[in-house]
Each structure stands twice: as structure tokens, then as C-alpha cells.
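Presented below is the structure to which this report refers.
Along the sequence shown, the residues carry numbers beginning at 1.
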Amino acid sequence: MAAMLLAAACGAATAFAASEADVLLDAHTKAFVRVDQDRAWFRENTSSEETNSSFWMEAEQIEMELDACERTHSASQRDLCEKLFNGFIAEHGADWRTNDFNDDLMWMVIASARGYLLTGKEQLRDVAKSNFDVCFARSWSSDMGGGLWWKTDNRSKNACVNGPGAIAAALLSRACEEPAYLAKATNIFLWERANLFEPKSGHIFDNMRSNGRVSFKSFSYNQGTFIGAANLLGYTNEAMLAATYTMNHLCRDGLLPGYGETGDASGFNGICARWLARFMYDNHEEPVFEAWLRKNAEAAWNVRRASDNISWNLWSEPTPEGKRYSWGCSSSVVIQQALRPADTSR
């Protein structure tokens with residue numbers, strides 16, 4: 001039942017090319033994953049033995065491993081995912097309300113809901129449900145017509161929480177079989193569509209401040225989560241517009257933005273690639289997007305460094321030797337998991 005729900009919610013992700021996907025995944029695991037009995041964590045970088053990635057970067061790298069688990073159906077990969085969830089709970093607990101960033105909670109709710117739909121482990125469903133409920137209660141308000149506040153200081157409503165919030169609620173509606181979550185997902189999405197989406201272009205604005213001022217900056221991960229939410233909820237026209245904008249306006253020479261390696265943005269492109277590829281396959285839009293996504297996946301593969309096959313997030317330049325960052329190297333892994341072999345038909 002859980003596996004069927006996951007397929008319905010997200011689609012089945014398979015690799016661009018199994019060997020390349022496996023190589024980059026294995027390289028990332030060897031460089032960054034620390035295992036201690038039944039727990040595991042992501043190191044922040046190749047020089048840190050005990051410094052873990054931050055809350056939301058850990059959550060999104062768990063999503064990366066879930067992508068690989070869906071692709072490989074490997075027992076060892078599933079075991080690693082379970083250890084990573086155990087490590088996260090050991091570090092952060094099962095109640096995340098002390099984290100002031102509402103988007104952080106939504107990222108981990110998504111990972112936990114996906115984990116439940118993949119494994120059937122009720123603990124993951126329950127922790128996703130309880131933390132979504134806490135987050136929604138404190139972040140949804142009628143100010144500015146609805147939507148989720150980014151932080152508990154209630155200064156802005158951002159795409160980075162509303163897109164993930166809509167995805168989280170949509171997945172919970174299937175994990176918990178409760179229609180109320182689907183209604184929440186739809187309301188969150190419709191607020192983002194009304195306030196942070198430009199229908200003429202597909203551009204997703206970054207945020208709206210409490211005074212109504214909008215930041216028109218566009219980031220690949222905001223495009224991706226809007227696409228993901230729209231696809232899950234059946235708003236395919238909006239998803240198509242946002243995906244087309246990403247391809248035609250965010251890229252340089254066809255490649256997704258080369259964000260800096262050490263900050264939050266360094267893993268944005270993996271989030272974008274995950275949800276855009278799923279929209280593409282779910283709606284048979286391969287003629288529009290596949291060649292472009294493959295160009296990015298090939299670039300991620302081609303810039304890997306020979307010494308250990310780690311590939312960073314700047315896909316126009318070779319990955320340098322020296323210290324690299326786990327979050328900054330995650331997008332190359334994700335895009336390889338997201339794309340199917342060229343000769344595979346749905």
C-alpha cells in the first residue's frame with residue numbers, strides 16, 4: 001500500500017544512466033556519510049569528522065538518499081535511509097518546534113512522509129504529521145490573504161516554505177488518508193499561485209513581506225517546489241509555465257545556476273531537478289524538457305574529479321581538489337537519480 005501511494009504521489013524515479021548515478025551516489029556516501037551502528041549522518045564537508053550538516057540540509061540530503069532508494073530498490077540503500085532517519089531523530093528529536101524556521105520543518109516533513117510512503121514505517125508518518133500540524137498552526141494566517149510565514153517572527157511569506165508546505169500536505173493526505181491535508185495543500189498552493197507566481201512567464205517570486213512588498217528574485221528551488229506542488233495537485237498548466245521559465249530564463253548556456261558552494265543555495269538545483277523531472281515524466285513532457293535536463297546531468301557527471309568522483313554544484317567548471325561540502329555536492333547526485341535511462345519507456 002505504501003509503495004503504491006508513493007508512486008501515485010511522486011512517480012517512480014530512475015537513473016539517467018545507472019552506472020553514472022551509482023558512481024556519484026557511492027562517491028558522495030564515501031565522502032560524507034558517517035555511520036554509527038543503527039544511526040547515520042551527513043558530514044558538513046570532507047574535512048569534518050563530527051560536524052553534521054544543518055537541519056534542513058540534512059533533511060534534503062535524506063531526500064537525495066530516498067531518490068536513490070526509489071531508483072535502485074536496494075535493501076542496503078533502504079537500510080541507509082533508515083539509519084539516516086534514526087540519526088536525525090537522535091540529533092534533533094521528534095519534536096522540531098524549537099526551530100524557528102518553518103521551511104526547515106516542512107523540508108523534513110516531506111522527507112519523513114516520503115520515507116513512510118516508501119517503507120511503511122509508521123514512526124515516519126507520525127513524526128511528519130505531528131510536526132506539520134505544529135508548523136501549520138503557527139505559520140498559516142489570514143494576513144495577506146493566507147499563506148505560510150517563513151519564520152516565527154512573521155515578517156515575510158516565502159516561496160521556500162509555501163511550495164514545500166503544499167508538497168508536505170499533499171503527501172500527508174496520502175500517507176494519513178486524511179482529506180483535510182489535501183485541502184491544506186490546495187489552500188497553500190493557491191496562495192502561492194496568487195501572490196508569488198507570475199502567470200505570464202512562470203516566474204516564482206521569492207517572498208512577500210508583511211507590508212506587501214514583493215521580492216522578485218527567482219531561485220531554482222522555488223521554481224522546483226512550485227512545480228512539484230502544482231503537479232501533485234493537478235495544476236499542470238501552472239507547472240508547465242514554471243518549468244519552462246526555469247529552462248529558458250534561469251539557465252546560462254543551458255545549465256542551471258551556479259550558486260556558491262558553501263551556502264544554502266548550493267543544493268537548490270537538486271530540489272529543482274527532482275520535482276521538474278517528476279512533472280515531466282508524469283505528464284509525458286519529455287520532448288520539451290528531457291534534452292535540457294540530460295545536458296545538466298551530463299555536465300554534473302563530466303565535472304566530477306578523478307580522485308574520488310565527487311561532483312560539485314558548479315557544472316560549468318571541474319570540481320577542485322581539497323575540501324568539498326556535502327550539501328554543495330548533492331545536486332549532482334539528485335539529478336542523476338531523477339532521470340531515467342534514455343532507452344526506457346514508461
Side-chain angles (χ1 to χ4, degrees), residues 7 9-16 21 60 63-64 66-68 70-71 107 110 114 159-160 162-164 166-168 170-171 189 192-193 196-199 201-206 218-259 265-301 313 315 330-342 344 346:
C10 299
T14 45
F16 162 65
E60 280 309 287
E63 276 217 82
M64 173 190 73
L66 290 170
D67 295 337
E70 291 173 28
R71 176 183 65 84
W107 295 115
I110 292 172
R114 286 185 63 196
C160 70
N162 283 279
I167 291 172
L171 295 179
F189 173 78
E192 184 177 12
R193 185 183 72 166
L196 299 179
F197 170 68
E198 186 177 62
S201 67
H203 178 176
I204 307 303
F205 306 142
D206 185 65
S218 179
F219 295 103
S220 63
Y221 79 145
N222 290 336
Q223 296 291 137
T225 56
F226 181 89
I227 293 163
N231 185 42
L232 288 172
L233 296 169
Y235 291 88
T236 54
N237 289 338
E238 288 86 342
M240 186 68 177
L241 284 166
T244 303
Y245 180 89
T246 305
M247 178 175 66
N248 291 340
H249 296 284
L250 283 192
C251 295
R252 182 174 181 178
D253 297 327
L255 298 181
L256 285 162
Y259 298 116
S266 62
F268 283 3
N269 291 338
I271 296 169
C272 180
R274 172 185 300 119
W275 296 109
L276 203 154
R278 289 178 175 182
F279 163 71
M280 176 183 73
Y281 289 127
D282 286 349
N283 295 278
H284 310 291
E285 296 290 354
E286 291 93 330
V288 180
F289 300 110
E290 189 167 35
W292 163 64
L293 285 173
R294 290 193 186 283
K295 177 177 181 176
N296 280 269
E298 289 171 357
W301 171 254
N313 61 314
W315 296 339
S330 66
S331 291
S332 292
V333 180
V334 172
I335 196 169
Q336 291 284 339
Q337 313 308 307
L339 291 179
R340 298 173 180 166
T344 296
R346 191 178 179 101

Distance from [X] atom [atom1] to [Y] atom [atom2], nearest 0.5 Å?
{"X": "Leu233", "Y": "Ile167", "atom1": "CG", "atom2": "CD1", "value": "9.0 Å"}
{"X": "Phe279", "Y": "Leu232", "atom1": "CZ", "atom2": "CG", "value": "11.5 Å"}
{"X": "His284", "Y": "Asp282", "atom1": "NE2", "atom2": "CG", "value": "8.0 Å"}
{"X": "Met64", "Y": "Ile335", "atom1": "CE", "atom2": "CD1", "value": "14.0 Å"}
{"X": "Leu276", "Y": "Asn231", "atom1": "CG", "atom2": "CG", "value": "9.5 Å"}
{"X": "Arg274", "Y": "Glu60", "atom1": "CZ", "atom2": "CD", "value": "5.5 Å"}

Does the side chain of [X] reach to within under 4.5 Å of the side chain of [Y], using non-hydrogen atoms?
{"X": "Gln223", "Y": "Trp275", "result": "no"}
{"X": "Trp292", "Y": "Thr246", "result": "yes"}
{"X": "Phe219", "Y": "Ile204", "result": "no"}
{"X": "Leu241", "Y": "Phe197", "result": "yes"}
{"X": "Met240", "Y": "Asn283", "result": "no"}
{"X": "Arg114", "Y": "Asp67", "result": "yes"}
{"X": "Glu238", "Y": "Glu192", "result": "no"}
{"X": "Pro257", "Y": "Phe268", "result": "no"}

When you look at Tyr245 and Ile227, which way does the side chain to side chain contact (heavy atoms under 4.5 Å, CB included) test go after all the steps? CA-CA 11 Å; Tyr245 180 89; Ile227 293 163; over 6 Å; no
Over all heavy atoms of both residues, which pair between [X] and [Y] is shortest? Give the atoms and the distance, please.
{"X": "Tyr221", "Y": "Cys160", "value": "OH-CB, 3.2 Å"}
{"X": "Gly270", "Y": "Ser331", "value": "N-OG, 2.8 Å"}
{"X": "Tyr259", "Y": "Ser218", "value": "OH-O, 4.3 Å"}
{"X": "Ala159", "Y": "Phe205", "value": "CB-O, 3.5 Å"}

Please determine whether side chain to side chain contact (heavy atoms under 4.5 Å, CB included) holds for the pair Phe226 and Leu196, giving the CA-CA distance in whole Å, both sets of side-chain angles, and the decisive distance to 0.1 Å. CA-CA 10 Å; Phe226 181 89; Leu196 299 179; over 6 Å; no
Check: [X] side chain, [Y] main-chain N or O, donor-acceptor pair, under 3.5 Å:
{"X": "Asn296", "Y": "Gly254", "answer": "yes"}
{"X": "Glu198", "Y": "His203", "answer": "no"}
{"X": "Tyr235", "Y": "Phe189", "answer": "no"}
{"X": "Glu286", "Y": "Tyr281", "answer": "no"}

Can a salt bridge be assigned to the pair Lys295 and Asp253 using a cut-off of 4.0 Å between side-chain N and carboxylate O?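 No, no charged N to carboxylate O under 4.0 Å.
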I'd like to know whether Asn313 forms a side chain to side chain contact (heavy atoms under 4.5 Å, CB included) with Asn269, so could you lay out the CA-CA distance, the side-chain angles of the two residues, the decisive distance to 0.1 Å, and finally the verdict. CA-CA 8 Å; Asn313 61 314; Asn269 291 338; 5.6 Å; no
